[in-house]
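The sequence lines fix the lettering, A, B, ..., with proteins before strands; numbering per chain opens at 1.
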Amino acid sequence: MNLKKTVILGAAVAGLLGSSMAIAAEQFIGLPSYRVGPYAAGGSGIYGGWIDYMQMINERDGGINGVKLAWEECETEYNNARGVECYERLKEKGETGNSVFQPLSTGITYSVLDKVAKDKIPLVTMGYGRTDAADGRVFPYVFPLITTYWSQATTMVKYIAGKEGGTDKLKGKKIALLYHDSAYGKESHAVLEKMAERYGYELTKLAVAHPGNEQQSQWLQIRQLRPDWVILWGWGVMNPTALKSAAKTGFSREKMVGVWWSGAEEDTVPAGSAAKGFTAAGYNVAGADYPVIKDIEKFVYAKGHGNMEDKSRIGSVYYNRGVVHGLITVEAIRKAQEKYGKGKALTGEQVRWGFENLDMDDKRLGELGATGFLPPLKTSCMDHEGSGKVKYQQWDGNKWNVVTDWIDADKEMVRGMIEESAAAYAKEKGITPRDCSKEM
Amino acid sequence: MLYREAGQFKASYEADQQIFPILQDRIGVMLLIGFFALAVPLFADQYWLKAILIPVLIFSLAAIGLNILTGYAGQLSLGSAAFMAVGAFGAYNFMLRIDGMPFLVAILLGGLCAALVGVMFGLPSLRIKGFYLAVATLAAQFFIVWALVKIEWFSNYSSSGVITAQQIEILGFAFEGPQSKYLLTLFVVVMMALAAKNMVRSTTGRSWMAVRDMDVAAEVIGIRLMRTKLTAFAVSSFYCGVAGALYAYTYIGTVEPEGFNLDLSFKILFMIIIGGVGSIMGSFLGAAFIVLLPIALDVFVPMLLGDLVSSSFVSNLQLIVFGGLIVFFLIVEPHGLARLWQIGKEKLRLWPFPH
C-alpha cells in the first residue's frame, strides 16, 4: 500500500516537474549496518567499504547499465531484534523493494532465515551464517558466498600440513583449538574432529568464554600440552588477548593460525609486537594496491564523498571485505539484468537469480580490477558457496602480507556434511528440495 | 469529572471484586483491547505488525514477569532473558519430541520448565537479599545460556546450536501471516496480563507485597517466606518463559542461545524501571518505550541531520539521546511512566473544575 502510494506520488511529482526529467531507474540496497557497540570496528569498515564501492560505481559508470544504486543504512547494533526490525523496515523501500540483505551477523542471519524465502529477498552471508545453506536446493534464497566455516577449517588443516611438509606428517601432531564459546566457535568442531580421524593428529578443544579477555587458564593448559599448532577461532577482544597471552606463555605466534574473523588490523594492532608472525585466513586480502581500490580513491575520495572518516583504514582487511561485498552484489545485479532486462530496476527474486548464476573467473576479476583480491567465484543451484578458497596472510608488525596462494577447501568432505545437514533441516521444516536440473 | 467514580455503587461481592472496579477503567481497557484486536490487524501494515507490535507485546509479557518478581515481591533479578531462553527451548523440544503437541500447551509447558528452573535459582533468595541476590540470578543468566550451548540435546544436535521454530497450527489453522501471529500473541499476552493483574490483588500478590515491604514483619504476621518467595520466582519465570516461547515462535523464528544474553536481561529490567516498578500497565508502557524509542531515533535522527554528519556519528548520537532521555525521565518521574498516568488520572477526576 505505502509503496504504491509513494510510487503514484512520485509519478505525480515527476509529471508536475515536466516530462523532460525522465526518472532514472534505481536499484535499492538496504544496509543493516552496525557502527556502535563491541563490533563497531568490523561494521564500520565493512559497510564503509561497501558503500564506497557502490558510490564509485555510480560515479564512474553511472550505475549498472544506467541503473543507479541507492542505499539506506539501518543501525542494528548487532542485536537480533533490531536486525529483524531493520529487515522489515528496509524490505519495501525503493522502486522494487530491497534487493539483498547482508546483516554481517550470524544471529540476525538466523532471525531472518525463514522470512527471506517468503519475501523473496536474497540473504547473502559471506564467511558467516548457516553453513549448510550452501546447499541451494534446500535454501534457494540464502547464499553463504565464497566460503564457509567448515571449508575454512579444512583449509587450516591443509595450511598446517603444508608447513609440516605434507598431510602424512600430521600423524601424532598435537593441535589445540582455542575457540570462542558460542555457536560461532562450535562451528569448527565437527570438521576438525573428522579430519583428526583421517589424518591422525590429536585435537584438544579449549573454550574461551565470551568476550574472551580472560584466557590465563587456557594458556596454562596450552603450556602443559605443548601443542605443535594453535588454531585461534576468535572474535573481537578475544583475538588480541590470545596473542598477548601467547607471547607471555612463550608460544610461537608463527605456530598460531587464525580464522578470518581473527585476521584484521583491529585484531593485531592492539596486541602490539606480540602479534608479529601470526597468520590468519582471509577470503579477501589487505592492501590498497589494487585497481579497484585506486578507482575508489580516484572517483569517490578525490571528490570528497568517501564514507570512511579515517582514510588510513582504506585497504585494511575489513574495508577490503566491504569492497568484496560491493563487488559481488553489483556483479549479481549485473548478471540478473542480463536475463531480466538491462537498465531496469530488479526485484529481489530477480537478483536472487543473479546470485545463483555468478561467474567471476580470473578474466572477469581482472576486468573488475580485483585479480587476487578475492578468489574466483562460480555459483549454481546446487552450490551457493561458489569457491571455498582462502589465502593466508601473516602480520609482520605493521601490515598483513599474503603468504600463500588460494588454498582450496576439502570440497568432497565438506559437501557431504553440508548435504546431510541441509537434508535434516529440510526434513524438520517439511521443505521439498528443488530439482536443480529444472533450474535455468 | 471524567474519572469520577461517585455513584458507582457495588451491590454484590462480584461487583466489588472485579479486576477493574471503576467503570471508566473497564470501558477503557475494553476499548483498548478492541482497538488492538480488531482495528489494528485490519489497518496496520506488515512492518508495524511484525517489527513493532509483536515485539512490544512479547517484551511487555517478559516485563510483567520481571515486575512480579522485582516490583511486587521485591527480589531483584538479572536472569529474565535466561528464563525466556528456557521457555523457548522448552517449547521447541515439546513440539519436536511429542507428536501432535498442541502449540498453546507447548508454550505453557515451556513456561513451566522456566518456572521450575526459576524456582531452582530462586532458592538463594531465602538467604541473600538485594544486590547480592542480583548477583546470584546473574549466575542463572550465564549458566543457562552456557548449558543450552553445551548440551546439544536441547537444540536437537544442530551444528550451530540454534533452534528453528516449527510451524504453528491450532485446530488445523496454520498461523503464517503477520496478522494471525499478531492476534495469537495478543491473545496470549492479554490473557496473561489480566491473570497477573488479578493475581497481584489476591492473597498471593498481597503476600508478595508484604514480603517486599518488610520480610521480617511479613513473617511475623504469618506469611511463609519460603513459599512466597519461591512462588514469586515460579510465576515470574513462567511469564518470562512464555514470553521466550512467543519470541521464538511468533517473532524471530530461529533463535540462538546467545540471543538471550545479559543485554536482554538488562533491557527488561530497564523496561520495568522506566515503565513503573510494581505496575502491570507500567510493564506495557516500559516495553513500548524501550522498544520504540531506539527505532524512532534511528528513523528520525538521520532524517533531521541528513547528510550533514557521518553515519557513525548518527549511530552514536542515537545512543547518547536514548541514554539521556532515560536519565531525564527518571529525574522527572522516578516512579516511571505508570505513575505519570496515575497523576493524570487524579487530575482527570477533578477536571475541569480544580479547586
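- Neither the backbone nor the side chain of A:Y87 has a heavy atom closer than 4.5 Å to any heavy atom of chain B.
- Within the 4.5 angstrom heavy-atom criterion, only side-chain atoms of B:N156, from C-beta onward, approach chain A.
- Side chains of A:R35 and B:S312: a donor-acceptor N/O pair is present below 3.5 angstrom, by distance only.
- No part of B:F142 comes within reach of chain A, as not one of its non-hydrogen atoms sits under 4.5 angstrom from that chain.
- Both the backbone and the side chain of B:V299 come within contact range of chain A, each with at least one heavy atom under 4.5 Å from a heavy atom of that chain.
- The shortest side-chain heavy-atom distance between A:E77 and B:L319 falls under the 4.5 Å cut-off.
- Using a 4.5 Å cut-off between heavy atoms, A:E309 contacts chain B through its side chain alone, with no backbone atom that close.
- A:K91 places no side-chain N or O within donor-acceptor distance of the main-chain N or O of B:Q46, the cut-off being under 3.5 Å.
- With respect to chain A, the highest number of heavy-atom pairs below 4.5 Å among B:I52, B:T164, B:V314 belongs to B:T164.
- Interface remark: A:A190 contributes no atoms to any contact with chain B (heavy atom separation under 4.5 Å).
- Of the possible polar contacts, none joining the A:D114 side chain to the B:G253 backbone as a donor-acceptor pair under 3.5 Å is found.
- Residues satisfying the ring pair (Phe, Tyr, Trp, His ring centres under 6.0 Å) test with B:F173, not counting sequence neighbours, are B:F175.
- Panel note: side chain A:K429, backbone B:A165; a donor-acceptor pair is recorded below 3.5 Å.
- When side chains are defined from C-beta on, A:N80 does not count as touching B:E258, because their heavy atoms never get closer than 4.5 Å.
- Scanning all heavy atoms of the two residues, the minimum distance from A:Y179 to B:K150 falls at OH-NZ, 4.4 Å.
- A:K303 NZ: more than 12 foreign heavy atoms inside a 6.0 Å radius.
- Of the atoms belonging to A:N79, it is side-chain heavy atoms, and not backbone ones, that fall under 4.5 Å from chain B.
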